[in-house]
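Shown next, in structure tokens, is the structure this report addresses.
Naming convention: chains lettered A, B, ... in sequence-line order (proteins, then strands); numbering from 1 in each chain. Here the structure is a predicted model, which is why all the values come from computation and not from measurement.
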Protein chains: 2
Amino acid sequence: MLSEQVYAHLRDAIMRGDYAPGDALKPQDLAKEQGVSLAVVREALVRVVGEGLADRLPNRGFAVPAFSDRRWQEIAEARRTIEPVVLRMSIERGDVDWEARVRAAHHRLARTPAYAPEQGAYYSGAWSEAHRVFHRTLLEGCGNPVLLETFDRMWTASELARRWSAYRAPDRDHVGEHRRLEEAALARDAGTAAGVLARHLTLTAAGLAGCTDHEPAQEA
Amino acid sequence: MLSEQVYAHLRDAIMRGDYAPGDALKPQDLAKEQGVSLAVVREALVRVVGEGLADRLPNRGFAVPAFSDRRWQEIAEARRTIEPVVLRMSIERGDVDWEARVRAAHHRLARTPAYAPEQGAYYSGAWSEAHRVFHRTLLEGCGNPVLLETFDRMWTASELARRWSAYRAPDRDHVGEHRRLEEAALARDAGTAAGVLARHLTLTAAGLAGCTDHEPAQEA
DNA sequence: ATCCCGCAAATAATCGATTATTAATGCTAT
DNA sequence: ATAGCATTAATAATCGATTATTTGCGGGAT
């Protein structure tokens, strides 16, 4: 299905930061550069909007969302509120297969370099994906697809905001935080794990706090 | 915008139960009966799918989702997991305006008859809406739009499943449960309120448990 | 009698063009 | 000189028709 490809491409482009926040997503331009008709671009855009990766202004088209600092803090707070509870459930219910997958995901994350030389200041695509998989795997023991869908939505919003944050906590010990998370989870220490995760999310939020809103930008 | 109207109509129709679970949503039929072109119907359908109110089968069109008993239990569990936590936050943070809105929402719910004579066994539309507003208002004190969006999504899924449940708990004391919720919330007793809400959701889940899956149905 | 293959009808997906709305530009009147 | 209005260019929204895919039916071979 063509619209699926266009949707995937659009989603990746936005998440990768190819467009600046506030940039207009013009159906005609996208159609030409993708070699498809307006209809499929439009369908892809509607899906992207539904996922929160773009805004729609009635009769004024589509645009990359301009995340405010306030919005970012709300997303971070929502994650702090929900994810530790789900992690508790996951640790109580996860089976041996889950344990194995947690180990595997942590191993991959630990062995993936966070920064690609050519990518400048941003995290590498491989690390971002490994990071996502590790956090998701931690929660997958809960066995509830609805809760995991909720995680997916919040993670997407969170990553989009992170992509556009100007600052990064310089003294952040990602590796240690993730290792403590893995250890607590595999030790079935739900209380400690939930606490570590909450602190992890708080630190991430603090690292991004204070970055100013981005002004609506011009053409890509 | 035409697609907005068609979207709203489609959403209401599905939530109202105009289509049976599994029914195909044929763009051509919808276009003719709504007096619009395929494109706008298609856009509305894509949005509906994004909200979880319809399934999309590649190259096989759109259909009303056939909720399984398992799926329903997962939704109910997700609500039990998340909503009490948000309610705690809401009770800790809500201001006087929030208190007033809780009172108002409860009053409206208590004074709205649950069953409309002409609607048969189903809850009336007015009661369903008052019910939703009461539950949402309880959580709105948290002040976090992201958490409230999460509630909205789960509520929608929950109501859709409820619409198609064959059984209803006969001895259910809705009125008392809601009154206790309101009292605990306004007394700022977060622990009690969270407990009452968890029990409320458990009872709802139990009331719908055991209803068999609906077979994929034929034309509307 | 049953299974497989191919044909035909239905419908999903896509396209190119048309219509309507918006934003910008330049003109006019005060 | 500036404020307000008309014109125009750009683009969003919609439409009608075309193409591609799937599904059900019927004929023929085993």
Output the rounded distance in Å from CD (A:Q34) to P (C:dA13).
19 Å
Using the test salt bridge (Lys or Arg N to Asp or Glu O under 4.0 Å), find all partners of A:E177 that sit at least two apart in sequence or belong to another chain.
A:R172
NZ of A:K32 versus P of C:dA17: gap in Å, rounded?
14 Å
B:H178 and B:H174 aromatic ring geometry - parallel, tilted or perpendicular at 30°/60° bounds:
parallel
Nearest-angstrom distance from the residue atom CG of B:L57 to P of D:dT21:
17 Å
In whole angstrom, give the distance that lies between atom NZ of B:K26 and atom P of C:dA13.
14 Å
By nearest-heavy-atom nucleotide on DNA chain C, the more 5' of B:P27 and A:G35 is B:P27
Report the nucleotide, chosen from C:dA13, D:dT14, D:dT11, that has the shortest atom-to-atom distance to any side-chain atom of B:L2.
D:dT14
How long is the line joining OH of A:Y7 and P of C:dA13, in whole Å?
16 Å
Strictly by salt bridge (Lys or Arg N to Asp or Glu O under 4.0 Å), give each pair with a member in residues 80-92 of chain B just once, sequence neighbours left out.
B:R79-B:E83
Check every atom of C:dT11, C:dA13, D:dA13 against the side chain of B:F62 and return the nucleotide holding the closest atom.
C:dA13
Could you pull out all residues at least two apart from B:E140 that satisfy salt bridge (Lys or Arg N to Asp or Glu O under 4.0 Å)?
B:R101, B:R136
Residues which pass side chain to side chain contact (heavy atoms under 4.5 Å, CB included) with B:A126, listed by chain and number, not counting sequence neighbours:
B:T112, B:S124
Interatomic distance, CG@A:L30 vs NZ@A:K32, rounded to 0.5 Å, equals 11.0 Å
Residue pairs fulfilling side chain to side chain donor-acceptor pair (under 3.5 Å) with at least one residue in residues 51-64 of chain A, sequence neighbours excluded
A:Y7-A:E51, A:R11-A:E51, A:R56-B:E43
Salt bridge (Lys or Arg N to Asp or Glu O under 4.0 Å) partners for A:R47, two or more places apart:
A:E4
Short heteroatom pairs, N/O only, protein and nucleotides 20-23 of chain C, under 3.5 Å:
unit_1, atom_1, unit_2, atom_2, d
C:dA23, OP1, A:R60, NE, 2.6
C:dA23, OP1, A:R60, NH1, 3.3

Which of residues 36-47 of chain B have a heavy atom under 4.0 Å from DNA chain D?
B:V36, B:S37, B:A39, B:V40
What's the closest nucleotide to the side chain of B:M1 if the choices are D:dA13, D:dA12, C:dA13?
D:dA13
Selection residues 123-133 of chain B - residue pairs positive for salt bridge (Lys or Arg N to Asp or Glu O under 4.0 Å), sequence neighbours left out:
B:E129-B:R132
